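Computed from a predicted structure; not experimentally measured. Each chain gets a letter, A, B and so on, in the order its sequence line appears, and its residues count up from 1.
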There are 2 protein chains.
Amino acid sequence: MARNIAFNEEEAIQKAMDVFWEKGYKGTSLRDLTDAMKINSSSLYNTIGDKQELFVKCVKHYTEIRKRDLDKRLAGTDSPFSILVKYIDDAVNVIISGENSCMAVKAAFEVATNDKRVKDILKEDSDYAYRFLHQLIKKAIENGEISDEEDPELLADYFISVWAGWYESYILHKDPIKIKKMARYFIRQISK
Amino acid sequence: MARNIAFNEEEAIQKAMDVFWEKGYKGTSLRDLTDAMKINSSSLYNTIGDKQELFVKCVKHYTEIRKRDLDKRLAGTDSPFSILVKYIDDAVNVIISGENSCMAVKAAFEVATNDKRVKDILKEDSDYAYRFLHQLIKKAIENGEISDEEDPELLADYFISVWAGWYESYILHKDPIKIKKMARYFIRQISK
DNA sequence: TTAATTCTGAATTGTTTGTTTCAGAATTGC
DNA sequence: GCAATTCTGAAACAAACAATTCAGAATTAA
C-alpha cells in the first residue's frame with residue numbers, strides 16, 4: 001500500500017491564500033507559492049492541481065472563513081440590530097487596521113471577470129452576506145429598531161456596495177476617520 | 001537634424017490604456033502592448049519608457065479624461081442639484097452598459113498598493129471627484145434642494161465609496177436593477 | 001547633395017514563468 | 001521483511017516574459 005501525503009493540505013492552502021491575497025493572482029508566481037507552502041511543485045501538481053485550481057481552492061477557503069464568521073454572529077443572543085451594528089463596526093476595524101484589502105474584492109476585480117468558477121464562488125459569498133444582512137434588517141424592522149419604510153433587500157445590497165468601496169477609499173487615502181464617519185452615517189440613517 | 005517620431009504618442013497611449021484596462025497590469029504582456037500600439041518595443045523604450053512608465057502614463061491619461069468630463073459638467077447652466085443627479089445617472093449607465101469596470105478602481109486594487117506614483121495619481125483623481133461632488137452638494141444645500149442637516153463632505157466621500165462598490169456588485173451579479181435601485185435610494189436620501 | 005542625427009524593426013538577450021519528468025525515498029498491508 | 005504503491009525533491013522543460021542591441025532606413029537642415 002501507499003504512503004500518506006506528508007503535508008497538511010488545509011495548512012498549505014492557508015499559506016497559499018496569504019500569498020495570493022497579498023500579491024494577486026497574476027502577481028504570484030508558482031515559486032512564491034511553493035516557497036510559502038513549503039512543498040515541491042510536483043507535490044502541488046499531484047495533489048491540488050495547477051495554479052488556477054489552487055487559486056480557486058484559496059478563494060473557496062477564504063469565503064468559508066467568512067461564512068463561519070457570519071454563522072457565529074447569528075448564534076448569539078444579541079438583538080438583530082445590535083448584531084448588525086457590531087458587524088459594521090468590526091468591518092470598519094478590519095479595513096482600517098489591516099494592511100491589505102479584502103481578498104474577495106480584489107479577486108472580483110482581477111479574476112472574476114475571466115474565471116467563471118471564481119466568479120461563482122464570490123457570487124455565492126456575496127449572496128450569503130446578503131442573506132445575513134437581509135434577515136437582520138428585516139427582524140430589526142419587525143422589532144421597530146429600523147423604520148418600516150426601509151427596504152431590507154435594498155439596504156443589504158447597499159451596505160455590501162459601500163463596504164467594498166471603503167476598501168478603495170482606504171487604499172487611496174488611508175484615512176480611518178473617513179471610513180468611521182461613513183459607517184456612523186449609514187447606521188444613523190437606518191436607525192429609526 | 002533628426003527625423004521626427006513616426007507614431008502619435010497620445011494615440012498609442014490610448015491604445016495601451018485599452019489593453020491595460022481590460023487585462024490589468026500584470027495580465028498585460030509587452031507583446032499585447034506593442035501589438036495594440038502598432039510600434040516596436042525599441043520605439044516604446046526610446047520614447048515612453050518601460051512597462052511601468054507606460055502604465056503610469058495610461059492611468060494619468062485615464063484620469064485626465066475624467067477630469068475633463070467633470071469640468072464640462074460644471075460649465076453648463078443647470079442647477080447644482082440637477083448636475084449632481086445627471087452625474088449619478090450617467091455613472092450608473094456607464095456601469096450597467098460597459099463590459100469592463102472602471103480602470104481607476106481596478107488599478108487601485110491591483111497596483112496602487114505597490115506603486116506610489118499610481119497611487120498618487122488615483123488619489124488626485126479621487127480628490128478631484130470629491131471636490132466636484134462637494135461643491136455641488138454644498139450649493140444644493142444653499143439652494144434648499146438638499147437638507148442643511150446633511151454634511152457635504154461626508155456625502156461626497158460616501159458617494160465615491162458606493163459608486164466603487166457598484167462596480168463590484170455588477171461584476172458578480174450583472175443586475176442593472178440592483179444598481180439603479182441603489183442610485184435612486186441615494187438620490188432620494190439626500191433630496192430634501 | 002550631403003552630412004548629421006534620430007527613429008525603426010528584426011533579432012536576441014538573460015530571466016522568469018508554469019509545468020513535467022523521473023529516480024529514489026518513504027510508507028503501507030501482508 | 002517484503003513487495004507494492006505513492007509521495008517527494010532536484011532537475012529540466014519549453015514557452016513567455018521584459019528589455020536591449022544595432023545596423024540601416026528615414027528625415028532633417030544647410
**Item:** Ring center gap for Phe132(A) and Tyr87(A) short of 6.0 angstrom
**Value:** yes
**Message:** If I take atom NZ in residue Lys26(A) and atom P in nucleotide dA16(D), what distance separates them, rounded to the nearest angstrom?
**Reply:** 12 Å
**Prompt:** Can you check the Arg31(A) CZ to dT15(C) C1' distance for me, whole Å?
**Reply:** 10 Å
**Prompt:** Ser41(A) side chain N/O closer than 4.0 Å to the phosphate oxygens (OP1, OP2) of dT19(C)?
**Reply:** no
**Complete:** Between CE of Met37(B) and C1' of dT8(C) the distance, given in whole Å, is 15 Å
**Asked** With a 4.0 Å cut-off, would you call Lys119(B) and Asp115(B) a salt bridge?
**Response** no
**Item:** Given dA18(D), dT21(C), dG9(C), the nucleotide with the shortest approach to the side chain of Ser42(B)
**Value:** dG9(C)
**Asked** When all nucleic acid strands are considered with a 4.0 Å heavy-atom cut-off, which category describes Asn46(B): base, sugar-phosphate, or nothing?
**Response** base
**Request:** Could you tell me whether Thr34(B) contacts a base, only the sugar-phosphate backbone, or nothing, with contacts defined as non-hydrogen atoms closer than 4.0 Å?
**Result:** nothing
**Request:** Round to a whole Å and report the spacing from NZ of Lys38(B) to P of dT8(C).
**Result:** 16 Å
**Request:** Decide, yes or no, whether a salt bridge links Lys15(B) with Glu22(B) under the criterion of side-chain N to carboxylate O below 4.0 Å.
**Result:** no
**Asked** Could you give the CG-to-P distance, from Leu44(B) to dA19(D), as a whole number of Å?
**Response** 9 Å
**Message:** Taking the C1' atom in each of dC13(D) and dC17(D), what is the distance between them to the nearest angstrom?
**Reply:** 16 Å
**Asked** Under 4.0 Å between a side-chain N/O of Ser43(B) and OP1 or OP2 of dT8(C), yes or no?
**Response** yes
**Request:** Inspect the contact between Asp125(B) and Arg66(B) and indicate whether a charged nitrogen and a carboxylate oxygen are less than 4.0 angstrom apart.
**Result:** yes
**Prompt:** Under 4.0 Å between a side-chain N/O of Tyr45(A) and OP1 or OP2 of dT20(C), yes or no?
**Reply:** no
**Message:** Expressed as a whole number of angstroms, how long is the span from Leu30(A):CG to dT20(C):P?
**Reply:** 11 Å
**Request:** Answer yes when Asp127(B) and Arg131(B) have at least one side-chain N-carboxylate O distance shorter than 4.0 Å, and no when they do not.
**Result:** no
**Gap between atoms CD and P, on Gln52(B) and dA18(D) respectively (whole Å)** = 12 Å
**Request:** Specify the separation, in whole Å, of atom CG of Asp50(A) and atom P of dT19(C).
**Result:** 5 Å
